[in-house]
Amino acid sequence: MATTDTDSSQSSSVNKIDVFWHDGMLNHDTGKGVFDTGIDPGFLEVLEKHPENSDRVKNMVSILKKAPISPHISWNHGRPALITDLHSFHTPEYINELVEADKEGGKMLCAGTFLNPGSWDAALLAAGTTLSSMKHLLDGHGKVAYALVRPPGHHAQPSQADGYCFLNNAGLAVQLALDSGCKKVAVIDIDVHYGNGTAEGFYSSNKVLTISLHMNHGSWGPSHPQSGSIDELGEGEGYGYNLNIPLPNGTGDKGYVYAFNELVVPSIHKFEPDMIVLVIGQDSSAFDPNGRQCLTMEGYREIGRIVHSLVTRHSDGRLLIVQEGGYHVTYSAYCLHATLEGILNLSLPLLEDHVAYYPEDETFSVKVIDAIKDYVKDKMPLWRTY
C-alpha cells in the first residue's frame, strides 16, 4: 500500500470510538422485489430484499460488539430528531410532505426510495442520532464519534428525497457544527455514489468544503439532477468549495489512496477545517451489488489512516463518521471494521481479509485523477497557491 504524505508515524491519541446507535432504526422495512424496484414481475421464484435492508446494519452492530475492535468501542444511545431540528437543512414544505406521507401509510418518493410504515420514525432516529453524535464532539465528550444510522441520508437534498434517503443526516450535523461556533467544516464522502444532497445543501457556502469520491455514474433521474462531474464546483461564495472526484469503475485500493494523496489531503490542508465529517459507504467495496469500485479492507484501512492524520492536524482530533451505503451484508461489516482500525491508527490489522482478491492496475485511474487535479488547479481558489 502506498504511503501518504501526511504524518502517519505519530502515535494515535484516539483509543476509542463513541458509536451512536438505536435499535428502532431496524424498523425501516424496504420490502422485496427485483433489486431495489419493489416490483414482483410474477415469474421469479425468489424475490430479494431491497439492498438497503436491516441485515446490513445488524452485521455492522454485531462486528463492532464481537470482533477484535470491540475493546475500542464505546456505545451510546441514539434519539429521534425533533421536527424543528430538521429545518436547519430541509425546507418546511419538504418535511411536511414526509409527515403527510407517513400519516397516509407510506409512499414511494422516487425510484427505489420507499417510505413505508415505520420508515419515518427510523428516519427521525437516524437524524437525531447523528445530531447527538456531533453534539457529543462539540461538547468535548470525545474525539471520534460514529453515527451508525439508517436509513442513509447523503442523497437527500433540502427539498427532496433521493437514493434511499429521506433526511440528510450528515448535512444536519454539519449545520449544527456551524451553528455551534465551528468556522469551517470539511466533508469527505467515500460512498460509491455522489453525495449530491450534502453538496446541494452547502453549494453556496464557503464555510463547508464538500469532497466526494464516487464512481462516475452521472445523473440517474429527476431526483438526482446533479451529475457528480468535476465542473460542479459550487456557486456564489461557495464556488470552488465542492470538489467532485468521479473515479473510473474498478479504481481499487491504490487508486483511492492516490486520489486522497493528490486531491483530498492538499485540499483539506489548504481549507484548514476545525471539524471534519467522514461520510462512509462500504458500497465502494469489491463485492458490493450497488458499486464497481473494488476497494478491499486494506483500502478502507488506509483511508482511515489518512483521515486520522488529517483530523490530528486540523480539527484537534475531532471526527464525526456518518454511515451511508454498503449493501453486501457480510463484507460491508468487515470493511467498516477495517476503516475504524485505520482511524484508530492501529499499527497492525486486527481482522484478516479472507475473501478479497482482485488484481489491480491503477494506471487508468492515475491518469483520470491527474486530469482532475489539473482541472481544479485552475478552477478552485483553494488550489491556486499549489
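These figures come from a predicted structure and were not determined experimentally.
- The residue from Glu52, Glu324, Gln323 that alone fulfils the side-chain hydrogen bond (donor to acceptor under 3.5 Å, both in side chains) condition with Arg150 is Glu52.
- Taking the six-membered ring for Trp and thresholds of 30 and 60 degrees, Tyr164 and Tyr327 have ring planes more than 60 degrees apart, a perpendicular arrangement.
- Residue-environment remark: NZ (Lys183) stays at or below the threshold of 12 foreign heavy atoms within 6.0 Å.
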Q | Ile321 and Leu319: CA distance, side-chain angles, deciding distance, side chain to side chain contact (heavy atoms under 4.5 Å, CB included) verdict | A | CA-CA 6 Å; Ile321 309 163; Leu319 173 68; 3.9 Å; yes

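- Side chain of Asn244 to backbone of Ser229: a donor-acceptor contact under 3.5 angstrom is found.
- With hydrophobic clusters built from ILVMFWY side chains whose heavy atoms lie under 4.5 angstrom apart, Val192 does not share a cluster with Leu263.
- Between Asp231 and Lys379, none of the side-chain N atoms (NZ, or NE/NH1/NH2) sits under 4.0 Å from a carboxylate O, so this pair counts as no salt bridge.
- Side chains of Asn196 and Glu200: no donor on one and acceptor on the other come within 3.5 Å.
- The aromatic rings of Phe114 and His50 sit perpendicular, their planes meeting at an angle over 60°, well past the 30° parallel limit.
- Classified by interplanar angle (parallel below 30°, tilted 30° to 60°, perpendicular above 60°), the ring pair His217/His224 is perpendicular.
- Within a 6.0 Å radius of CZ in Phe364, other residues, nucleotides and ligands contribute 12 heavy atoms or fewer.
- Note on Glu360 versus Lys254: no salt bridge recorded, every NZ/NE/NH1/NH2 to OD/OE distance being 4.0 Å or above.
- A centroid separation of less than 6.0 Å is found between the aromatic rings of His314 and His269.
- Taking the ring axis of Phe202 as reference, the NZ or CZ atom of Lys207 does not stay both within 45° of it and closer than 6.0 Å to the ring centre.
- Between Glu97 and Lys107 there is a salt bridge, with a side-chain nitrogen of the basic residue lying less than 4.0 Å from a carboxylate oxygen of the acidic one.
- Residue-environment remark: CD (Glu237) stays at or below the threshold of 12 foreign heavy atoms within 6.0 Å.
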